[in-house]
**Student:** 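Can you read through this structure? Questions will come right after.
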Number of protein chains: 2
Amino acid sequence: MYHYEYERPALATDCVIFGFDGAELKLLLLQREKAPFRDTWALPGGFVYMHETTEAAAKRILLEKAGIRNVFIEQLYTFSEIDRDPRERIVSVAYFALVSTTQFRLIAGRDTIQAGWHPISALPQLGFDHRNIVSLAVDRLRGKVRYQPVGFELLDEKFTLSQLQALYEAILQNPVDKRNFRKKLLGMGLLKQLDEKEQNVPRKAAFYYSFDKKAYKELTKKGFHFEL
Amino acid sequence: MYHYEYERPALATDCVIFGFDGAELKLLLLQREKAPFRDTWALPGGFVYMHETTEAAAKRILLEKAGIRNVFIEQLYTFSEIDRDPRERIVSVAYFALVSTTQFRLIAGRDTIQAGWHPISALPQLGFDHRNIVSLAVDRLRGKVRYQPVGFELLDEKFTLSQLQALYEAILQNPVDKRNFRKKLLGMGLLKQLDEKEQNVPRKAAFYYSFDKKAYKELTKKGFHFEL
DNA sequence: TCATCAAAGTGTATTTTTCACACTAAAATT
DNA sequence: AATTTTAGTGTGAAAAATACACTTTGATGA
């Protein structure tokens with residue numbers, strides 16, 4: 001019958017969690033309480049149990065280690081370099097998640113000194129091969145955001161067009177023309193204008209919008225392709 | 001110190017190998033000699049050894065099971081459904097490869113009855129969750145081919161513009177205007193026209209071209225983005 | 001050798017999309 | 001009442017995408 005090697009790599013998952021605070025794209029990192037890489041920042045991660053899929057493991061870790069649940073999550077890449085973990089051979093299936101920073105109060109779970117948001121433009125040193133993982137995740141997000149309406153996952157349920165524009169500018173790292181941006185986005189028919197405006201802002205108050213998932217599904221069925 | 005579950009999933013890899021015969025997009029499948037799924041067609045696959053990365057394992061399997069070496073290969077996705085293999089828990093890191101069908105004489109490796117190219121429009125029943133894997137690979141190829149010059153990997157070193165066009169039509173499943181296609185492709189400056197034409201064809205002979213990898217790298221550095 | 005067949009190769013006009021650009025309106029603050 | 005700050009809005013020019021048809025060439029076979 002079948003033969004396989006007696007020894008097996010351990011299987012783990014690491015999560016790249018993106019957030020947006022209105023100005024900058026941020027990453028959720030944990031400061032490690034234990035060796036290896038004690039005191040160093042790293043991605044939330046952990047082993048995949050025998051009875052769960054890698055995606056279930058990633059979701060569990062999001063919750064256990066950062067108190068985050070019910071967010072956009074997608075598989076990123078599987079990292080399998082032999083020495084990526086100094087303890088033993090660990091293959092890691094990395095996921096990335098998109099979160100509204102305002103939506104969760106961060107918790108520091110087991111074995112972590114603190115949890116914190118770090119701007120991707122100024123990350124601390126990271127343990128393991130997490131710099132590589134992050135770098136791939138950022139590339140992927142930059143690519144994805146242009147042809148899939150995932151940016152909304154980083155904002156609150158309701159948002160102004162200016163917030164949305166600031167988000168795209170932060171991710172794509174280049175300025176966007178206000179009028180052209182609004183024309184294109186509104187033209188797609190994916191945004192519902194709400195009967196509600198900003199409150200108590202020292203300027204003209206902007207209307208809130210929300211992303212119309214139903215309309216998106218309908219349009220997609222008809223062959224519509226989102227593209228920024 | 002660290003604790004992990006005593007039992008670990010086995011780690012394997014499966015390879016989706018695309019080929020193109022001038023008219024249709026094809027998939028390399030192996031007919032299994034042993035249970036489970038005896039006599040059924042399936043993707044070439046195998047376990048990942050303790051001392052090799054998943055990519056190295058995929059390349060080894062390409063060679064051992066199909067006699068294919070030195071081709072374009074890229075990680076596709078990691079499949080981890082609990083029951084995807086009836087024997088035991090096996091997590092599989094899937095890869096996809098692009099091959100010129102004329103370049104290799106297929107071999108049937110250990111435990112396989114035969115190896116064969118199957119048009120993606122008429123695949124046989126597949127074992128395990130390989131139908132899912134293939135389906136994701138096809139989607140990925142369709143997406144990728146539009147914004148990365150990977151199509152060339154499916155053709156011989158030298159090819160005619162008509163062959164290239166036929167390839168894109170086969171992958172994208174829609175007809176392309178000859179003049180516009182040539183205008184765009186040649187305009188990119190990625191194709192070198194060779195001093196050589198087709199021989200013994202019962203019609204006007206077409207020039208051969210080759211993909212200019214060096215030019216592509218140069219252009220990419222300057223911010224060029226391939227897009228069909 | 002002449003006619004036939006099949007695909008190679010080539011340019012222009014139209015439509016669509018993208019891009020650049022500047023002022024008035026509204027809400028809070030002083 | 002004046003100031004500050006961002007919201008909201010349209011047009012014209014440039015670039016890109018699309019639609020479209022005939023002549024050339026090489027082998028085949030009558």
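In what follows, chains are A, B, ... by sequence order, proteins preceding strands, each numbered from 1.
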**Student:** Please report, rounded to the nearest Å, how far the P atom of dA17(D) is from the CZ atom of F181(B).
**Tutor:** 14 Å
**Student:** Using whole Å, report how far CD of E227(B) lies from C1' of dT17(C).
**Tutor:**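 Answer to the nearest Å: 13 Å.
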**Student:** Please report, rounded to the nearest Å, how far the C1' atom of dA8(C) is from the CG atom of N200(B).
**Tutor:**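 Rounding to the nearest Å, CG of N200(B) and C1' of dA8(C) are 17 Å apart.
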**Student:** Please report the distance, rounded to the nearest Å, between NZ in K204(B) and P in dG26(D).
**Tutor:** 8 Å
**Student:** Where the side chain of P202(A) is defined as all heavy atoms beyond and including C-beta, which of dA28(C), dG9(C), dA7(D) is the nearest nucleotide?
**Tutor:** dA28(C)
**Student:** When you measure from the side-chain N and O atoms of S162(B) to the phosphate of dA7(C), is any distance below 4.0 Å, counting only OP1 and OP2?
**Tutor:** no
**Student:** In terms of the nearest nucleotide of DNA chain D, which residue is placed more toward the 5' end: K184(B) or Q193(A)?
**Tutor:**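 Looking at DNA chain D, the more 5' nearest nucleotide goes with Q193(A).
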**Student:** Below 3.5 Å, does any donor atom in the side chain of N180(A) face an acceptor in the base of dA20(C), or the other way round?
**Tutor:**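 Looking at the base of dA20(C), it does pair with a donor or acceptor on the side chain of N180(A) (distance under 3.5 Å).
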**Student:** Expressed in angstrom and rounded to an integer, what is the separation of R179(B) atom CZ from dA13(C) atom P?
**Tutor:** 13 Å
**Student:** Could you tell me whether a side-chain N or O of Q165(A) sits under 3.5 Å from a main-chain N or O of V176(A), the two making a donor and an acceptor?
**Tutor:** yes
**Student:** Measure the spacing between CG of L191(A) and OH of Y216(A) and express it to the nearest 0.5 Å.
**Tutor:**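 Separation between the atoms: 13.0 Å.
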**Student:** Taking only Lys NZ, Arg NE, NH1 and NH2, and the carboxylate oxygens of Asp or Glu, determine whether D39(B) and R32(B) approach each other closer than 4.0 Å.
**Tutor:**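 Salt bridge flag = no for R32(B) with D39(B).
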**Student:** Can you check the K197(A) NZ to dA25(C) C1' distance for me, whole Å?
**Tutor:** 10 Å
**Student:** Of the nucleotides dT29(C), dT5(D), dG9(C), which one has an atom closest to the side chain of R203(A)?
**Tutor:** dT5(D)
**Student:** Using whole Å, what does the distance between atom C1' of nucleotide dT12(C) and atom NZ of K183(B) come to?
**Tutor:** 8 Å
**Student:** What's the CZ-P distance between R182(B) and dA7(C), to the nearest Å?
**Tutor:** 13 Å
**Student:** Could you tell me whether D177(A) and R182(A) make a salt bridge, using a distance below 4.0 angstrom between a side-chain N and a carboxylate O?
**Tutor:** no
**Student:** Checking only heavy atoms, does the side chain of K178(A) share a donor-acceptor pair with the base of dG8(D) at less than 3.5 Å?
**Tutor:**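 Result: at least one qualifying N/O pair found.
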**Student:** Which nucleotide wins on minimum distance to the side chain of A205(B), given the candidates dG26(D), dA27(C), dC21(C)?
**Tutor:** dG26(D)
**Student:** Any salt bridge between R110(A) and E64(A), counting N to O under 4.0 Å?
**Tutor:** no
